[in-house]
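Before any comments, here is the structure.
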Amino acid sequence: SRHPLTIPVMPLMALLCAVTSVIIALNLFRRLPIDKVFLLSMLTFGITYTFMFPPASVPDEPTHFFSAYYLSNFLCCPRLQWGVQEIIFRDTDYAVIERHFHTFVSLKNLNYVVQNFRWIDQSQGYIAASCNDALSVSPLGYVVPALAITLGRTLRLGFYPVFYLGRLSNVIFYSVVVSAAIRRVPFGKAVMFVLSFFPTVLHLTGSYSYDGNTLSVTLLLLANCLY
């Protein structure tokens, strides 16, 4: 029998190819500058990568997610004491993390996300869990996804909408900052475009890893130094 998620895969890939072709054509006919081409292309592929990989399937993503969630706690409740190793989860979030968080890429795991996707949070309380690896580095790398998680929690979105909102915030931040760097750099725009569009970069940018944000800010700093 055909898996439920195999049906929309081909239309999705066809749409992705069509959008990419239009963006490239616009660039060839000088309708779009290269920085805008990067912005549109990165958002298209970055959002695709965001939803292609189930939660926690990217290397070290659980630790990155816990760090962003930990920082979000202080944005939601400034009275919390900084340095406490316990993370305060909504009980529904904690239930998903305990049951189905350490996954790998497969149609079965993607189907599980689809079947358990809830827009509205139904939590009844909070659970404090210890995590020694949370925020073991500078919190600056997690500010963007932490803000997105805070927004999702404030709107009382379910676990998966909150999780993917954090991923999407990283994609948008990376796309905008690198696009600005390509526009700013006086030469080597095409080289910066290609280096910033490697599949590994797409993989990391569409996750909770801080590497994408670090790379984007570094490229913007380099572009300003060369300007």
Candidate pair Y69 and D93, rule side-chain hydrogen bond (donor to acceptor under 3.5 Å, both in side chains), full reasoning: CA-CA 11 Å; Y69 204 107; D93 294 347; 2.7 Å; yes
CA sep, side-chain torsions, deciding dist, call: F66, Y208, ring pair (Phe, Tyr, Trp, His ring centres under 6.0 Å): CA-CA 9 Å; F66 294 150; Y208 273 84; 9.9 Å; no
Working for ring pair (Phe, Tyr, Trp, His ring centres under 6.0 Å), residues F51 and Y164: CA-CA 8 Å; F51 291 101; Y164 284 112; 4.9 Å; yes
From CA spacing to verdict: side-chain hydrogen bond (donor to acceptor under 3.5 Å, both in side chains), Y112, R99: CA-CA 11 Å; Y112 180 91; R99 184 170 60 249; 2.9 Å; yes
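Here the CG-CG distance, from L221 to L226, works out to 9.5 Å after rounding to the nearest 0.5 Å. Atom OG of residue S41 and atom NZ of residue K36 lie 13.0 Å apart, to the nearest 0.5 angstrom. Interatomic distance, CE of M42 versus CD1 of I182, reported as 10.5 Å (0.5 Å rounding). To the nearest 0.5 Å, atom CD1 of residue I47 and atom CE of residue M52 are 14.0 Å apart. Distance check: M192 CE to F197 CZ gives 15.5 Å after rounding to the nearest 0.5 Å. Expressed to the nearest 0.5 Å, how far CG of D211 lies from CG of L204 amounts to 5.5 Å.
V191 and L202 fall within a single hydrophobic cluster, where Ile, Leu, Val, Met, Phe, Trp and Tyr are joined by side-chain heavy atoms under 4.5 Å apart, directly or via other members. Hydrophobic clustering of Ile, Leu, Val, Met, Phe, Trp and Tyr side chains at less than 4.5 Å, counting indirect connections, keeps V178 apart from V144. A continuous path of Ile, Leu, Val, Met, Phe, Trp and Tyr side chains, each step under 4.5 Å between heavy atoms, connects L168 with L151, placing both in one hydrophobic cluster. Cluster annotation: I34 is connected to L222 through the hydrophobic network of ILVMFWY side chains, with a link wherever side-chain heavy atoms come within less than 4.5 Å. Under a hydrophobic clustering in which Ile, Leu, Val, Met, Phe, Trp and Tyr are joined whenever their side-chain heavy atoms come within less than 4.5 Å, directly or via other members, L220 and Y227 fall into different clusters.
Using cut-offs of 30° and 60° on the angle between ring planes, the pair F38 and Y174 is tilted. Ring orientation note: the planes of W119 and F117 are nearly perpendicular, at an angle over 60° on the 30°/60° scale. Taking the six-membered ring where tryptophan is involved, the planes of Y142 and H64 are tilted, since the angle between them lies from 30° to 60°.
Side-chain contact between F193 and L195: absent, with no pair of heavy atoms (C-beta onward) separated by less than 4.5 Å. Contact of the S196 side chain with the L219 side chain is registered, since non-hydrogen atoms from C-beta on lie closer than 4.5 Å. I88 is not listed as a side-chain neighbour of I127, based on a closest heavy-atom distance of 4.5 Å or more. A heavy-atom distance below 4.5 Å is found between the side chains of F101 and F163. N213 is not listed as a side-chain neighbour of V217, based on a closest heavy-atom distance of 4.5 Å or more. Residues V176 and L39 are in side-chain contact: their nearest non-hydrogen atoms beyond the backbone lie under 4.5 Å apart. Two residues are said to be in side-chain contact when any heavy atoms from C-beta on lie closer than 4.5 Å; P55 and Y160 meet this criterion. The shortest distance between side-chain heavy atoms of L165 and S169 does not fall below 4.5 Å.
For F198 and H203, the ring centers sit 6.0 Å or farther from each other.
Nearest heavy-atom pair, R90 versus V162, reported as atom, atom and distance to 0.1 Å: NH2-CG2, 3.6 Å. L71 and P139 make their closest contact through CD2-O, 3.7 Å (heavy atoms, listed as atom of the first residue, atom of the second, distance). Taking all atoms of both residues into account, the shortest heavy-atom contact from A56 to E61 is N-OE1, 3.0 Å. Of all heavy-atom pairs spanning I149 and S72, the tightest one is CG2-OG, 3.5 Å. Contact detail for P145 and G166: the closest heavy-atom pair is CB-O, 3.9 Å. Of all non-hydrogen atoms in L157 and P161, the two that sit nearest each other are CB-CB, 4.0 Å.
Note on D35 versus K189: no salt bridge recorded, every NZ/NE/NH1/NH2 to OD/OE distance being 4.0 Å or above.
There is no side-chain donor-acceptor pair under 3.5 Å between Y210 and N170. A donor-acceptor pair shorter than 3.5 Å can be found between the side chains of H100 and N109. Counted by atom type alone, R167 and S207 present zero donor-acceptor pairs between their side chains at under 3.5 Å.
Annotation: F173, atom CZ; neighbour count of heavy atoms from other residues, nucleotides and ligands within 6.0 Å is above 12.
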